[in-house]
Amino acid sequence: MTVRRTLALVLLACAWGTRTDVAHAQQYLIGGSIAASSGVEGGGAQNALARTRTRLRIGGDVRIDESPDDIFEFAAIAEVEPRSGFGADIRYARAAGDRFVVDVGLLGIVAPASLYGACASFYYRLPISKRTQIVVGPEADFFFLGSDLPDGTVLWELRLQGGLRVDL
Amino acid sequence: MSTSDRVRYALIAVFIVAGAASGCGAVSDCMRYSDCDPGLTCAYGSCVFPPQQDGATGDDGNNIGFDPGTTAPGDSGAGFVVSAEAGSGFVVTPDSGFVVNGSGSDAGIANTDAPAE
């Protein structure tokens with residue numbers, strides 16, 4: 001009798017737990033993105049300008065359904081031309097409306113030489129399907145640490161990036 | 001004004017700013033050490049041979065009169081740094097911002113951007 005009662009309670013709990021109208025706490029919402037960017041860079045003693053390296057960024061973003069406007073972003077970045085380099089970035093993003101997002105974060109190039117700094121960007125999400133958006137917007141990077149940076153130099157980059165984002 | 005118009009104007013503004021920025025100021029060969037080919041280093045926005053620690057010699061092996069890494073006064077009073085690589089010419093990196101990158105005999109200074117007196 002006790003076994004039957006226990007089994008019934010377990011089944012009842014399972015049935016309750018699988019009800020579609022029961023809210024789940026803090027569901028994670030995940031997205032993936034790929035983007036390319038290029039622009040101008042400057043800094044150094046002469047404050048000269050040059051075209052910056054073209055960069056590919058492949059990353060993801062995570063947010064929770066209870067606070068969908070606060071977004072944590074992370075990505076691997078690869079500089080592809082005229083010289084190559086590899087690194088990563090992490091950012092905190094804040095949705096400003098349905099289609100605009102601003103973010104700030106830290107990024108670093110780790111190979112072939114190190115370069116570390118901060119970044120900020122602003123982009124617009126243009127929906128092209130229910131789960132897919134085109135993203136485009138400017139980005140500013142500032143590098144102030146690393147073995148690839150001449151002494152006393154702060155390197156800045158102003159980029160225009162564009163890409164694709166998918167809600168996973 | 002619709003959202004798409006705002007985005008269009010924002011993109012146009014970004015392109016104009018980027019284009020204006022790239023058209024102003026001196027164009028640099030390098031911003032980072034890794035912008036230069038192997039064996040070169042980035043100094044004053046240009047890729048140059050790194051200063052050598054041994055004696056400065058010309059093609060004939062004779063000392064050309066400057067020690068690498070030393071500073072000598074230029075015409076305008078600004079100092080410049082002379083470095084040499086045995087048998088492959090020498091590099092002069094002035095403090096005032098111009099670079100002389102020569103090769104050949106010790107009398108052949110090429111690509112001189114030094115200001116005239």
Side-chain angles (χ1 to χ4, degrees), chain A residues 37-53 79 81-87 97-100 109-115 117 121-127 134-141 143 146-162, chain B residues 1-51 69 71 78-81 83 91 93-100 113-115:
Chain A
S37 66
S38 190
V40 295
E41 64 181 7
Q46 294 182 319
N47 204 24
L49 292 174
R51 186 177 68 86
T52 190
R53 299 181 186 184
E79 297 171 327
E81 67 87 29
R83 303 276 180 176
S84 61
F86 300 94
D98 292 337
R99 297 184 178 183
F100 293 95
I109 302 294
V110 295
S114 63
L115 197 63
S121 71
F122 166 82
Y123 56 88
Y124 173 75
R125 291 178 178 174
L126 177 65
I134 292 175
V135 293
V136 61
E139 174 179 338
D141 299 338
F143 295 100
S147 63
D148 204 16
L149 203 61
D151 290 340
T153 299
V154 174
L155 177 66
W156 58 264
E157 298 178 350
L158 180 62
R159 296 173 170 273
L160 180 63
Q161 67 174 346
Chain B
M1 181 184 295
S2 66
T3 302
S4 60
D5 287 338
R6 290 177 183 172
V7 172
R8 186 179 303 121
Y9 291 140
L11 292 178
I12 291 172
V14 168
F15 278 116
I16 290 174
V17 171
S22 61
C24 300
V27 176
S28 176
D29 291 335
C30 61
M31 294 286 181
R32 298 151 58 173
Y33 291 126
S34 62
D35 287 337
C36 299
D37 290 330
L40 301 179
T41 188
C42 183
Y44 303 99
S46 298
C47 294
V48 298
F49 289 103
T71 302
F80 56 89
V81 178
S83 62
V91 177
T93 306
D95 289 343
S96 56
F98 60 87
V99 174
V100 179
D113 294 324

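Letters go in sequence order (proteins before strands), and every chain restarts at 1.
- Under the salt bridge (charged side-chain N to carboxylate O under 4.0 Å, His left out) criterion, A:Glu41 pairs with no residue at all, not counting sequence neighbours.
- There is no contact between A:Thr52 and chain B, counting heavy-atom distances below 4.5 Å.
- Of the atoms belonging to A:Leu115, it is side-chain heavy atoms, and not backbone ones, that fall under 4.5 Å from chain B.
- Contact record, B:Ser34 with A:Asp148: OG-OD2, 2.5 Å, taken as the closest heavy-atom pair.
- Legend: residues meeting salt bridge (charged side-chain N to carboxylate O under 4.0 Å, His left out) with A:Asp98, ordered by chain and number and at least two apart, are absent.
- In this structure, no portion of A:Arg51 lies under 4.5 Å from any heavy atom of chain B.
- Using a 4.5 Å cut-off on side-chain heavy atoms (C-beta onward), A:Pro138 and A:Arg159 make no contact.
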